[in-house]
Amino acid sequence: MGFYLIQTLNAVAFSVLLMLCGLGLSLVLSLMNFVNLTHGASYLFGSYVAVVWLGSGAPWWLAVPAAFLAAALAGLLLDRFPFARFYGRNHLAQVLLTYGLSVMFADLMRLGFGAEIRSPALPDLLRGVVFVLGMPFPIYRLVLILAGGVLALVLWYLFDRTIWGAVVRASVADRRMVETLGLDTSRVFAVVMAIAAGLGGLSGALGVGMLSAYPGLDEEILLHALFVVVLGGLGTFRGTVAGAFILGFAMTFARVWLPEFAGFLTLLAIALLLVLRPDGLVAPRLRQV
Amino acid sequence: MRAHAWLLCLPLAGLLALFGGDYHLRFAAEILITGTAVMSLDILVGQGRLVSLGHAALFGGAAYVSALLAIHAGAGLMPVLLAGIATGMLLALVMGLVATRSVDLFFLILTLVVGQMVYELAFHWRTVTGGADGLRGIPALALHLGGASWPMSGARSLFLLAAGLALLAYLLARSFLAAPIGRALVASREQPVRLAALGYEVRRLRLLAMVFAGGIAGAAGALYPFVNLYVGPNLVHWSMSATMIVMLVLGGVGTLHGAFVGTGLYLLVQTYLSSFTDRWQLLIGLLFVLIVIFLPDGIVRPGWRRRQA
Amino acid sequence: MNLLALRGIRRSFGALEVLRGIDLDMAEGEMLGLIGPNGAGKTTLFNLVSGFLPADAGSVAFAGRDLQGLSPAARARMGLVRSFQKSLVFPGLPVVENLALAARLRLGGGYRWWRGRAVAEEAAARATELLDLAGLAGKADTLAGALPHGLQRVLDVLVALAQRPRLLLLDEPTAGLATDEAQRLLGLLRTVQPAPAVLLVAHDLDLVFGFCQRLAVLDLGRLIAVGPPDSVRADPEVQRAYLGGLA
Amino acid sequence: MRPNLLTRRGVLLGTAGVALAAHCGAPAVARSEPLRIGLLTSLSGPFTSLGESMRAGLELLIADAGGQMGGRPVELLVEDDGGKPEEGLRKVRKLIAQDGIDVLGGVISAGVALAIRDVVTEAGLPTFISNASANALAREAASPLVFRPTKTSWMLGHTGALWTFQNIAKDGGLTVGADYAAGREYIGDFVQTFQEQGGSVGTQLWTPLGTTDFSPILTTIAAEQPSFVYAFFAGADAVRFLQQMQEYQLQDLVKLIGPGALFDQEDVVPAAGSAALGGINTFQQSPTAPAAHGFVEAYRAARGRLPGEASTAGYVTGQVIRAGLEAVAGDPSDRERFRQALLEQPIETVIGPMRFDPRNNQAVLDIYVNELVAGPDGQPLNTVVHTYAGVQDPGPAG
């Protein structure tokens with residue numbers, strides 16, 4: 001009983017981590033119809049920033065905002081060049097551009113942060129466990145679940161329930177119309193790109209306590225994020241959350257029950273779901289025709 | 001112009017075959033074989049705008065089957081080639097059945113997923129595939145014809161074999177694209193909805209193109225083990241598919257022959273530039289991004305870039 | 001037997017009922033004009049008949065066969081062919097190839113790789129014939145995307161004709177064309193042999209009234225009048241639908 | 001210690017100003033001509049940090065040797081295999097045919113080692129596998145000119161089982177490993193020896209290579225409360241496994257033992273931090289082994305950290321090559337003589353005395369049992385608690 005309760009909590013924590021990774025990717029896809037494969041690099045960048053921050057002795061609770069800001073700044077620069085001229089293009093062009101950039105960033109980060117595995121010095125506050133029915137569960141993961149939940153709510157409110165979100169969506173649907181209203185759409189896009197990249201960095205800072213940071217992690221995270229987002233239905237917010245939880249539970253329980261086939265089974269589940277629901281779990285608002 | 005470039009290639013290949021050393025011939029054979037697989041990917045990417053991240057699974061899957069046949073049954077050139085083609089086509093069919101309902105990002109992910117399933121199989125089915133260690137001890141290749149038998153294991157004969165395969169595959173691909181099905185594939189890239197309104201089943205068209213490309217990739221894969229005398233799971237991993245796309249873009253999408261140029265460029269940079277700097281990946285990435293940014297039509301229009309020698 | 005028979009077609013988008021029970025018949029070779037104000041549901045009806053959208057209720061029968069569940073491509077192969085409001089040619093292919101693409105499939109060689117020569121030649125002949133008919137023979141090798149807008153519209157209709165349709169659904173084929181260009185385009189539909197039945201949507205009422213034997217008027221998802229031009233013109237409900245908005 | 005952009009990666013470490021001799025044609029041996037050592041290692045891909053360490057280790061030895069071996073200046077040519085056998089093969093062919101190397105060392109990944117085995121054998125190139133541990137290379141894939149101055153998987157799994165059986169528990173333990181060739185070998189050899197000793201092993205858990213989240217396994221461990229866990233992970237997997245063990249507070253509850261890679265002093269311990277404390281491993285190498293003392297200090301001076309397996313392996317490979325060359329007066333072109341010289345006399349290395357088994361050219365090594373205790377700086381330090389002397393792989397017959 002306690003065993004399965006904890007395994008469920010494990011699955012939830014992992015799902016939240018997947019959701020965090022997918023959110024930034026999903027945001028630019030749903031709002032700007034832009035495929036950003038540099039997202040994994042944003043994540044890893046955030047992880048490194050957090051490691052360096054925590055190693056420097058600065059207040060630990062500022063590590064996450066610092067990672068957010070650093071990655072957001074990088075996103076802002078990327079938006080100016082070269083992303084902006086690819087916003088209206090087809091997915092293929094975007095995939096190629098951002099994949100090439102991610103190869104470059106991976107090598108640059110290796111140059112800057114070294115090839116070694118880096119881990120953060122976590123504050124003692126986050127290191128304890130709680131016992132649930134006699135089984136240990138780490139406080140760090142509880143914090144992760146909480147942070148992920150709050151973040152998801154904030155984003156959902158911001159983009160689905162405020163005028164601000166409406167402006168972004170309108171900018172995508174009919175750019176010229178919004179511009180006649182006197183709004184600068186390129187600034188809107190820049191802000192969204194910065195937030196999305198920042199989210200990548202933020203999830204990197206939150207996840208680094210679990211996954212560490214090392215060259216190659218960017219690709220692993222990108223793959224997970226892509227699975228989550230595509231499974232959910234290209235960049236719908238609810239879909240990303242659903243995709244993350246399905247993948248998180250599938251991966252966790254495949255490892256509990258059939259660990260030797262876990263990799264294959266996870267892929268099979270993704271393929272089956274996408275064959276049954278070719279547009280993902282939640283049909284998107286916007287689609288490229 | 002294109003014709004001239006090809007006329008130049010033939011004497012070059014001849015010179016290499018006559019005077020090249022063992023190492024250079026093997027290297028050239030690897031470029032030609034990998035290039036053939038990349039060219040088959042160009043049929044999908046360049047003509048059908050179907051960006052597959054699972055193409056290495058077709059190529060590498062055929063390589064595994066070919067290596068296994070050679071190790072366990074001592075198969076010669078013809079059976080190995082046929083088995084490779086069949087494997088490539090079969091895997092492409094499965095991949096296509098799963099992925100051709102979708103386009104763009106969905107297609108990309110579904111081909112990636114199917115390709116990774118092949119990888120999982122190659123990685124975990126240790127008793128057959130050797131798992132992470134791969135297959136080695138591949139016997140020399142020979143051509144058996146009516147009782148007679150010619151060894152094909154020398155670097156020179158492997159090079160000539162690879163060159164023959166590349167040329168044949170190139171001619172086949174050209175005739176495929178010039179034929180009604182190839183024209184329809186181009187049309188499906190431009191206006192899939194309109195094409196459906198003409199009565200074409202776009203899915204069937206994409207499936208046929210994938211199976212055709214899979215056959216070529218499979219033929220190339222069948223020869224690969226004999227050049228390297230080794231087959232391992234890296235060959236079917238998605239990162240190999242991504243590398244193939246990088247090679248394709250470097251050489252020019254939609255040109256067919258650009259695939260060979262790009263493959264050669266990539267492998268040369270990887271082999272030689274990496275002796276001088278740890279940062280060769282940065283340079284490849286930069287070159288790639290510059291091409292994508294400043295030659296944007298390449299993705300849409302075939303024949304956009306003709307490399308003058 | 002009717003060539004096309006629509007019975008009780010309904011379709012909504014969310015809370016919006018776009019089509020509320022359409023019954024319509026068309027005979028072989030007949031030219032029927034479908035008119036109605038913007039948003040009346042004309043394009044939706046086209047999408048339902050050609051299979052690009054499923055209907056919520058009702059049936060579509062073509063040449064006596066229920067089309068339920070058939071893909072757009074399958075319907076096209078039966079001879080139920082449509083054009084699009086936004087002209088959709090294949091811009092990267094030469095003009096003659098645009099037509100040959102359609103003709104080859106009709107001749108059973110659309111997916112051929114080898115041994116397709118006979119089919120290809122016949123398709124090319126058919127394409128050339130149509131180009132001659134439209135006076136476009138000189139443009140055969142131009143890329144379709146390089147044609148001026150008017151000629152792209154003509155090409156679009158020619159592509160549809162190259163499929164040898166029994167029924168042609170034309171959605172605003174004359175939009176953006178000068179009157180004489182439009183006249184010539186519709187004239188083409190009369191001269192081509194065998195002449196298909198045509199369901200024509202156009203905003204230029206003079207054109208529709210001039211060319212069609214029968215008219216159907218769609219308003220707010222209902223057919224409010226079906227009949228010969230004169231009786232439709234005199235119909236008070238039609239006058240209200242068209243003039244009411246202005247009054 | 002990264003070379004600058006566009007300087008030849010193979011640094012000329014011989015006498016300054018020795019011109020690059022033309023390297024086509026037969027390797028004519030003149031005394032003044034530099035001896036070319038090829039190093040195939042990973043400078044991109046998953047084993048990058050190991051590859052950089054291995055390169056640093058070998059460079060350190062060549063510097064210690066004054067850039068000379070057997071009276072000849074030494075030129076080191078480093079090539080990157082990216083952790084991929086296909087790339088490694090191409091690089092080895094290039095080193096042989098184009099650069100005309102005299103000996104080859106390196107190789108991190110077992111896949112690469114097995115892939116190049118036939119090529120170097122065919123070329124008759126004396127080859128030293130510095131790091132890859134696949135048992136096959138000491139058994140069915142052994143080759144007369146392929147030496148392995150490092151362990152086999154069996155040597156670590158076997159000694160791990162001996163130690164566990166004698167000092168930890170005779171039953172009630174479980175194993176967990178990364179599900180690929182190396183993991184299967186280590187765990188399989190551990191279980192076999194453990195059972196031969198009369199012990200019994202409980203559940204065997206496997207997780208995919210590159211597992212990000214170990215929580216399903218950790219909860220299983222927490223539920224089973226085993227007497228010990230024998231685990232094999234390497235690199236980032238090892239760091240994550242140790243940290244997550246600590247996160248779930250299993251570190252103090254369960255005795256953790258594994259092959260040395262799980263607690264590699266250079267690759268894993270700095271990142272894992274206190275999560276590594278209390279662990280036990282069997283390893284051919286240890287920073288606290290008496291033989292390693294001078295090397296550890298020199299390496300720390302050069303790179304500011306303690307050496308791990310890869311850097312030590314790079315150094316040891318250099319020592320072995322050097323010993324062989326000294327014995328043949330710097331001329332390895334007579335392959336059989338070179339081989340005999342290597343087989344005949346034991347070599348003193350920084351991992352202890354080493355001799356090669358004439359059946360398979362596999363090193364017979366002292367295997368250390370290391371316990372991770374807090375070092376002088378508070379960081380966990382692999383500390384030798386026992387030494388199994390002269391451990392020999394069963395070899396081709398085994």
Exercise for the section: Using a cut-off of under 4.5 Å on heavy-atom pairs, state which of D/T48, D/L250, D/V268, D/D213 scores highest against chain A. Expected result: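 Greatest number of close heavy-atom pairs with chain A: D/D213.
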
Completion exercise
Counting heavy-atom pairs under 4.5 Å with chain A, the top scorer among D/V239, D/I217, D/L50 is D/V239

Practice task
Would you mind reporting whether D/D80 and D/T41 have side-chain heavy atoms less than 4.5 Å apart?
Solution key: no

So what's closer than 4.5 Å to chain D heavy atoms on [X]: side chain, backbone, both or neither?
X: A/Y214; answer: side chain
X: A/L217; answer: side chain
X: A/M210; answer: both
X: A/E260; answer: both

Handout entry: Chi angles and distances behind the salt bridge (charged side-chain N to carboxylate O under 4.0 Å, His left out) call for A/R110, D/E52
Key = CA-CA 12 Å; A/R110 192 191 135 195; D/E52 289 178 351; 3.0 Å; yes

Handout entry: Lys/Arg-Asp/Glu bridge criterion (N-O < 4.0 Å) met for A/R127, D/E247
Key =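 The answer is no: the pair does not qualify as a salt bridge.
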
Exercise for the section: Would you check if there is a donor-acceptor pair between the side chains of A/T98 and A/N36 at a distance under 3.5 Å? Expected result: no

Exercise for the section: Please check if any side-chain donor atom of A/S212 sits under 3.5 Å from a side-chain acceptor atom of A/S119, or the reverse. Expected result: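 A/S212 vs A/S119: donor-acceptor pair found between side chains.
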
Problem - Nearest-0.5 Å distance, OG1 of residue D/T219 to CD of residue A/Q7 - result: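 Atom-to-atom, D/T219:OG1 and A/Q7:CD are 4.5 Å apart.
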
For [X], which atoms come within 4.5 Å of any heavy atom of chain A: side chain, backbone, both, or neither?
X: D/S53; result: neither
X: D/Q243; result: side chain
X: D/D179; result: side chain

Problem - Minimal non-hydrogen separation, A/P120 against A/V51, with atom names - result: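 Answer, listing the atom of A/P120 first, then A/V51: N-CG2, 4.0 Å.
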
Exercise for the section: Go through A/L122, A/I221, A/I117 and name the one with the most non-hydrogen pairs under 4.5 angstrom from chain D. Expected result: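 Result: the option with the highest number of such pairs is A/I117.
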
Exercise for the section: Among the options A/L211, A/T252, A/V256, pick out the one with the most heavy-atom pairs lying under 4.5 Å from chain D. Expected result: A/L211

Handout entry: Cation-pi check, D/R184 onto D/W206 ring (under 6.0 Å, within 45° of axis)
Key = yes

